[in-house]
2 protein chains.
Amino acid sequence: MAATLKDISAELGLSVATVSRALNGFPEVNEKTRVRVRAVADRLGYQPNRVAQRLVTGRSGMVGMIARLNADMTADQTFMEILAGLTAALGARDVDLVLNVDQHSDPVVPLRKLYERGILDGFILNAPLIDDPRVAYLQSKGIPFVMHGKHSATADYPYYAIDNARVSADAVDYLVARGHRRIAFLNGEAHHAFAAERRQGFDAAMARAGLKVPDWAIRNAPPSVDYGFDAATALLTARDGAPPTAIVCASTLIAVGVLRAAQLLGIEVPQDLSVVAHDDGLPQVVSDELETPLTVTRSPLREACVPLAEHMVALLEGAEPAGLQTVARADFIKGKTTAEVPNGGEETWL
Amino acid sequence: MAATLKDISAELGLSVATVSRALNGFPEVNEKTRVRVRAVADRLGYQPNRVAQRLVTGRSGMVGMIARLNADMTADQTFMEILAGLTAALGARDVDLVLNVDQHSDPVVPLRKLYERGILDGFILNAPLIDDPRVAYLQSKGIPFVMHGKHSATADYPYYAIDNARVSADAVDYLVARGHRRIAFLNGEAHHAFAAERRQGFDAAMARAGLKVPDWAIRNAPPSVDYGFDAATALLTARDGAPPTAIVCASTLIAVGVLRAAQLLGIEVPQDLSVVAHDDGLPQVVSDELETPLTVTRSPLREACVPLAEHMVALLEGAEPAGLQTVARADFIKGKTTAEVPNGGEETWL
DNA sequence: TTCAAAACTCAAAACGTTTTAAATCGAAGG
DNA sequence: CCTTCGATTTAAAACGTTTTGAGTTTTGAA
């Protein structure tokens, strides 16, 4: 049914070899011939048979990705956002994405299963954990992969990540410069690498300012509005010590909860409380939920997709993994949720 | 690296043909030979090269699916639920799922793009619309597909669907039998085929009971808690006529909103108001959100996945599409949100 | 002992591509 | 006029499997 190289070669009286070379842009084929070949190929609607290509080249042009679902079977927005951008970016580079859904507690199982099907060139991973077992598995097997994020400071594989330590350091520095001394931190889950980096940046910036933070003012949980609401309520009505004058949030979702809690408690933002969040650029979260623009560190997830796809392609073409490591810096965007420390808020915690 | 048929045949002094047949269970190979072959294959860890298999069989073993995202980049739970079940069910049948994300207004575009990559054997479609353009496209091109749901009563392609007309008819019949006369219907979006079928079943059952429903008591919107809440609030405080004594909901999400609205209005369920919903068996929605068990028509989305995968495989193996049409019936499960019509509620609407 | 039928096995072709090594051609150089 | 070189093009092998059509044994009856 579909046109093959043989069809084209027969029609032109050329050999399949020449036709193949012409279409693949080899230099040794006469330009006139190339034009003729391309014309016939277009007319016949020739599409190379990827299975045959794969058989001879040993590559399939397909990469795998595993969807980790929440317990309630929803994929979080961040995953879907990446997925949307990635299928587009990969598609533009002639790579297809095979998806599987993780139903196991062990994240390596779906990876192994999918790989053993024998059809994939590599994987795209996201949401790295500290000591991510997927990294260990893939590296031990020599399976190519690209990570969105990086699981440790010494990651020796291709990745696209943002400078998470800097994200929280930027937030802290900005707040400290405005006189804030009691800064709380609503972080992501502790086992996520990004949260560990954020924590590290937070701690370092606070230390530079000579400030200490009690344990109860640094929290870890999966980002959600409820988490922000509950944590902020607890922080702002704390009996353990003075309430924070500023809260750094790992995501805008959390910040939304914080703002709601503050409103309910009659605490004015930014007069009484400053809020800084990290913004992944998810479409809805910012626009719909917020009347006041947040002060954020911003790095849209979408921007990661093209570099990720490019790294993947380069990796499969044999590039050195060491050259495929990108760290982007998040923008700092002043909104209306940060202000000078309120009167009486200068006292430090410890 | 990996063992091939040739390796096995060389080791045993057999031809690759015999080895191939032995491993594939052909009847004409000697049982003793088969045992020997299998032993060596196991020892060598032989895994058939799928690419080579596919080249010769002309099939790729991959089917495509398009994720339609909401405006906020979240995939709805129903899609993810199907995706999760489907990747498992297809994987068990040696079929892989290639995913693309729909970023277009025209649903045919991503389908066409993906197909023209030339790597897919077929598609799995979900959420059919009335006069679904995807059906027209795929049928005109002769591309195999299986639908979750069906876009019209005369669908002549493979599908797995539930009897949606019966779903709402069952709900209405049950309520009518309990004396209800004023039954409202919070349906899904009108252009979805399932919603049209539900509406048809609702209308038919109401007509059989000799009842009429004013336009304002039948609503269409994407299922969500907010929709249920808003619509119920409007219905129960209606100035247009007597409020309904029962509400049929297209999804449990909607019902959750209805229950909240009723509670806020001081309306007791089920004493003052009966609520019936259709339950897709999504993990969270029922368990977390509800204290009182809903009366539901129930058909877990998960149950659709294995039949869908089986239909797909059968279709690709050349089965007649007409034999691959399954219509399942939803269970009716009495909960605690339905009761006899309240006193004074017997009056009809029109 | 022979022979046909059954049982089993094999060599080779096919799938559609890439790639290696060799062949062809025309023109330039001697 | 012969050689050589560069520019093109080609035939053929290779990837690993399935499958076709043709052997080659074995079996059982004549």
Side-chain angles (χ1 to χ4, degrees), chain A residues 1-38 40-41 44-62 94-96 116-121 316-318, chain B residues 1-38 40-41 44-62 94 116-121 316-318:
Chain A
M1 198 71 265
T4 71
L5 285 185
K6 192 151 50 166
D7 297 333
I8 301 178
S9 70
E11 179 140 352
L12 287 168
L14 287 169
S15 72
V16 284
T18 306
V19 174
S20 171
R21 279 199 256 262
L23 291 173
N24 288 321
F26 278 57
E28 65 266 48
V29 45
N30 190 322
E31 204 52 40
K32 267 200 296 196
T33 317
R34 191 194 304 282
V35 171
R36 284 197 305 147
V37 168
R38 201 156 269 160
V40 176
L44 264 48
Y46 171 74
Q47 288 281 105
N49 180 320
R50 303 204 114 76
V51 178
Q53 270 178 334
R54 148 99 221 240
L55 182 60
V56 64
T57 61
R59 296 227 318 265
S60 71
M62 330 209 75
D94 250 23
V95 173
D96 295 291
E116 284 174 356
R117 306 292 313 280
I119 52 163
L120 296 182
D121 290 341
L316 295 180
E317 281 172 355
Chain B
M1 196 74 265
T4 71
L5 285 185
K6 193 151 51 165
D7 298 333
I8 301 178
S9 70
E11 180 139 351
L12 287 167
L14 287 169
S15 72
V16 283
T18 305
V19 174
S20 171
R21 280 201 254 263
L23 292 173
N24 290 320
F26 278 56
E28 65 265 52
V29 47
N30 189 323
E31 204 51 41
K32 267 199 296 198
T33 317
R34 191 192 306 281
V35 171
R36 284 197 306 146
V37 168
R38 201 155 267 159
V40 176
L44 265 47
Y46 171 75
Q47 286 279 102
N49 181 321
R50 309 231 177 250
V51 178
Q53 275 179 331
R54 286 162 186 184
L55 180 59
V56 64
T57 60
R59 299 225 317 264
S60 74
M62 330 209 74
D94 252 23
E116 285 173 355
R117 306 294 312 280
I119 51 162
L120 297 182
D121 289 341
L316 295 180
E317 280 171 355

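As a basis for the values below, the full set of heavy atoms in this structure was taken, side chains included, without hydrogen atoms, waters or symmetry mates. The structure displayed is predicted, hence computed values, not measured ones.
- Look at CD on E28(B): it is 11 Å from P on dT20(D), rounded to the nearest Å.
- Rounding to whole angstrom units, CG of residue L14(B) and P of dT25(D) are separated by 14 Å.
- dT9(D) atom P lies 13 Å from atom CG of L23(A), rounded to whole Å.
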Can you check nucleotides 16-18 of chain D for protein contacts, nitrogen or oxygen pairs under 3.5 Å, and list what you find?
residue, atom, partner, partner atom, Å
dT17(D), OP1, Y46(B), OH, 2.7
dT17(D), OP1, N49(B), N, 3.2
dT17(D), OP2, L5(B), N, 2.6
dT17(D), O5', Y46(B), OH, 3.4
dT18(D), OP1, N24(B), ND2, 3.3
dT18(D), OP1, Q53(B), NE2, 3.1
dT18(D), OP2, S20(B), OG, 2.6
dT18(D), OP2, N24(B), ND2, 3.2

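- L5(A) is listed as a side-chain neighbour of L23(A), based on a closest heavy-atom distance under 4.5 Å.
- Taking only side-chain nitrogens and oxygens, T33(A) never comes nearer than 4.0 Å to OP1 or OP2 of dT8(D).
- Contact between I119(A) and S60(A) at its shortest, heavy atoms only, is O-OG, 2.6 Å.
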Exercise. What do the steps show when you test D94(A) against R50(A) for side chain to side chain contact (heavy atoms under 4.5 Å, CB included), and what is the final call?
Worked result: CA-CA 10 Å; D94(A) 250 23; R50(A) 303 204 114 76; 2.6 Å; yes
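- Across all their heavy atoms, V16(B) and S9(B) have their closest contact at CG1-OG, 3.6 Å.
- Atom C1' of nucleotide dG26(C) and atom NZ of K32(A) are separated by 13 Å, given to the nearest angstrom.
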Problem set entry | R54(B) vs R54(A), side chain to side chain contact (heavy atoms under 4.5 Å, CB included): CA-CA, chis, key distance, verdict | CA-CA 11 Å; R54(B) 286 162 186 184; R54(A) 148 99 221 240; over 6 Å; no
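- Proximity of S15(A) to the phosphate of dT10(D): a side-chain N or O atom is located under 4.0 Å from OP1 or OP2.
- Annotation: the span from T57(B) atom OG1 to E317(B) atom CD amounts to 10.5 Å, rounded to 0.5 Å.
- Rounded to a whole Å, the CG atom of N30(A) is 15 Å from the C1' atom of dT10(D).
- Summarising the geometry, the separation between CG on D7(B) and P on dC15(D) is reported as 11 Å, rounded to the nearest angstrom.
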